Protein chains: 2
Amino acid sequence: MNREHVQATVTVDLVILTIRDNRLKVLLIERGNQPFQGQWALPGGFIRPDEDIDDAALRELSEETGLEGRHLHLEQVRTYATPGRDPRGRVVTVAYLAVAPDLPMPTAGSDARSAKWANVSRVGSLAFDHADILRDAVEMARSKLEYTTLAAAFCPELFTVSDLRRVYEVVWGTRIDPRNFHRKVVGTKGFLEQSAARRNPLIGRPALLYRRGPATALYPPMLRRSDSLASISSAT
Amino acid sequence: MNREHVQATVTVDLVILTIRDNRLKVLLIERGNQPFQGQWALPGGFIRPDEDIDDAALRELSEETGLEGRHLHLEQVRTYATPGRDPRGRVVTVAYLAVAPDLPMPTAGSDARSAKWANVSRVGSLAFDHADILRDAVEMARSKLEYTTLAAAFCPELFTVSDLRRVYEVVWGTRIDPRNFHRKVVGTKGFLEQSAARRNPLIGRPALLYRRGPATALYPPMLRRSDSLASISSAT
DNA sequence: TAGCTTCTCGTCATCTTGACAATAAATAGC
DNA sequence: GCTATTTATTGTCAAGATGACGAGAAGCTA
């Protein structure tokens with residue numbers, strides 16, 4: 001096996017998305033070493049000898065967010081292996097999309113590096129091909145909102161219909177009619193489970209609180225209008 | 001880089017789907033070497049030193065089908081890296097889904113191995129974790145028929161609405177009303193482009209011939225009813 | 001020409017969506 | 001306490017899309 005075949009180093013990179021201050025944010029870390037020292041990059045790391053990639057992604061997610069990854073949404077996006085994408089040699093990376101509710105931790109790199117939540121719409125150039133990875137992962141998230149209940153993964157355990165609507169609006173970059181949205185999500189069986197509580201907003205009528213239901217697929221899907229796509233600016 | 005980090009061999013595996021005799025078929029090859037000698041497996045191979053994975057997949061596809069891969073649909077499914085999935089060592093494989101019109105070549109392995117088109121519904125156990133890969137790829141194809149124009153990739157350059165409908169029926173394992181289907185696909189802008197010709201079937205009224213239009217997405221999508229899912233039997 | 005098959009166009013009821021009116025239930029200001 | 005304001009929720013209606021199915025069109029065979 002190790003004869004003439006190319007050996008590559010395998011890494012896992014994470015696109016961890018959350019919503020803060022009504023903006024879609026991604027967790028970035030500042031690289032402490034070469035290459036790309038001082039530049040911003042997606043969190044990630046090397047897989048271990050006897051570790052599956054899903055487990056490696058879960059481990060990195062826990063290390064970076066300090067949370068039990070098992071409660072967060074995590075799924076593979078795709079794999080990037082263009083020769084030369086890492087100047088140190090042949091490095092193949094498997095990208096994962098993670099979605100989390102607004103985390104208490106804004107910054108706290110497990111290493112000495114600094115970390116930040118960056119506005120997805122304002123992310124400029126990143127180390128390696130991470131800008132491509134980010135773009136692909138965000139598009140995947142936007143698309144998944146249509147056919148799955150992924151949006152609820154952005155919300156804390158108890159949330160209102162408005163919270164959920166804000167997820168769609170922020171991730172898609174659109175306005176959604178609150179009444180039609182309410183009808184749609186409340187009418188979709190298994191999406192939301194009503195709790196006994198209500199929440200008083202600073203102003204306005206109190207809203208019922210819900211938790212995630214068992215459904216993972218949305219049928220029929222909630223389609224974004226084609227004209228609603230907000231693109232990620234690759235320049236600042 | 002090559003210090004403490006795990007080195008892995010990277011391979012590409014292809015799930016090449018087509019429709020023959022009104023059945024969904026996948027190209028399988030018989031392994032000539034250990035491990036899993038004599039067992040059926042997905043075609044695939046090692047990436048080359050300076051080759052991107054997409055190019056490796058394209059190359060394998062050309063080698064296996066003898067066709068210019070650039071005319072076929074090819075996209076990444078996901079990456080499999082469970083330790084122990086290959087007894088020879090740490091092998092990470094990137095799976096691709098390819099969709100082709102009925103190929104003139106039923107068998108013709110580039111190596112001495114034999115090859116065959118196997119009924120997807122009757123594929124039993126395969127070498128490595130290829131049964132898992134096949135299952136994931138087929139589900140991806142089924143799902144993509146809903147919101148993309150992938151179905152046309154199963155068809156030759158000129159095809160009828162019935163040909164296209166048969167793709168949906170075979171891949172989904174359902175019956176579709178010909179009249180409603182006709183209305184839907186002809187009414188979807190950019191899906192089909194009418195040609196000047198017709199085709200005389202053995203019996204019945206001649207059908208207009210179409211070619212693929214420029215659209216890649218289907219909006220609104222053509223949703224399969226949830227009860228229509230045909231599962232791949234993992235046993236013979 | 002009759003009979004059969006498949007292709008294509010139409011019809012109609014039902015379901016879903018988009019636009020928007022109206023009511024409910026809280027807070028803030030007076 | 002009363003009113004204005006804000007957000008949540010229910011409801012209405014027309015437009016769009018789908019599922020079920022009728023029927024004519026256009027070829028073949030007998």
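In the text below, chain A, chain B and the rest are named by the order of the sequence lines, each starting its count at 1. Being a predicted model, the structure only gives us computed values, none of them experimental. All heavy atoms count here, side chains included; hydrogens, waters and symmetry mates do not.
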Salt bridge A:Glu139-A:Arg224, side-chain N to carboxylate O under 4.0 Å: yes

Residue list, salt bridge (Lys or Arg N to Asp or Glu O under 4.0 Å) with B:Arg23, at least two apart or on another chain: none

With B:Thr79 via side chain to side chain donor-acceptor pair (under 3.5 Å) - residues at least two apart: A:Thr79

Distance in angstrom units between A:Leu208 CG and C:dA24 C1', rounded: 12 Å

Below 4.0 Å: OP1/OP2 of D:dT18 and any side-chain N or O of B:Lys184: yes

Any B:His182 side-chain nitrogen or oxygen under 4.0 Å from OP1 or OP2 of C:dC7: no

Side chains of A:Thr82 and B:Asp52, donor plus acceptor under 3.5 Å: yes

Residues which pass salt bridge (Lys or Arg N to Asp or Glu O under 4.0 Å) with B:Lys184, listed by chain and number, not counting sequence neighbours: none

For atom CZ of A:Phe181 and atom P of D:dT10, their distance in whole Å: 14 Å

Polar pairs (N or O, both sides) under 3.5 Å between protein and nucleotides 18-22 of chain C?
| from | atom 1 | to | atom 2 | distance (Å) |
| --- | --- | --- | --- | --- |
| C:dG18 | N7 | A:Arg183 | NH2 | 2.8 |
| C:dG18 | O6 | A:Arg183 | NH1 | 2.9 |
| C:dA19 | N7 | A:Asn180 | OD1 | 3.3 |
| C:dA19 | N7 | A:Asn180 | ND2 | 2.9 |
| C:dA19 | N6 | A:Asn180 | OD1 | 3.2 |
| C:dC20 | N4 | A:Arg179 | NE | 3.3 |
| C:dA21 | N7 | A:Arg179 | NH1 | 2.8 |
| C:dA21 | N6 | A:Arg179 | NH1 | 3.3 |

Which residues share a salt bridge (Lys or Arg N to Asp or Glu O under 4.0 Å) with B:Glu30, sequence neighbours left out: none

Between C1' of C:dT16 and CG of A:Leu218, the distance in whole Å: 13 Å

Which residues share a ring-ring contact (aromatic ring centres under 6.0 Å, His included) with A:Phe128, sequence neighbours left out: A:Phe36, A:His130

Inter- and intrachain pairs under salt bridge (Lys or Arg N to Asp or Glu O under 4.0 Å), touching residues 166-180 of chain B, at least two apart: B:Asp163-B:Arg166, B:Arg165-B:Glu169, B:Glu169-B:Arg175, B:Asp177-B:Arg179

Sequence-distant partners of B:Tyr147, ring-ring contact (aromatic ring centres under 6.0 Å, His included), two or more places apart: A:Tyr147

Protein proximity profile, nucleotides 25-30 of chain C - base contact B, sugar-phosphate-only contact S, no contact -, cut-off 4.0 Å on heavy atoms: BSS---

Positions of residues 153-167 of chain A (non-hydrogen atom under 4.0 Å from DNA chain C), listed by number: none

Those residues that, when tested against A:Ala57, pass side-chain contact (heavy atoms from CB on, under 4.5 Å) (two or more places apart): A:Val12, A:Leu14, A:Leu74, A:Tyr96

Nucleotide C:dT17, atom P - distance to CD of A:Glu146 in whole Å: 13 Å

Counting only pairs under 3.5 Å, give me each side-chain donor-acceptor contact of residues 205-215 of chain B, with atom names and distances, residues two or more places apart or in other chains.
| from | atom 1 | to | atom 2 | distance (Å) |
| --- | --- | --- | --- | --- |
| B:Arg212 | NE | B:Ala152 | O | 3.3 |
| B:Arg212 | NH2 | B:Cys155 | O | 3.1 |

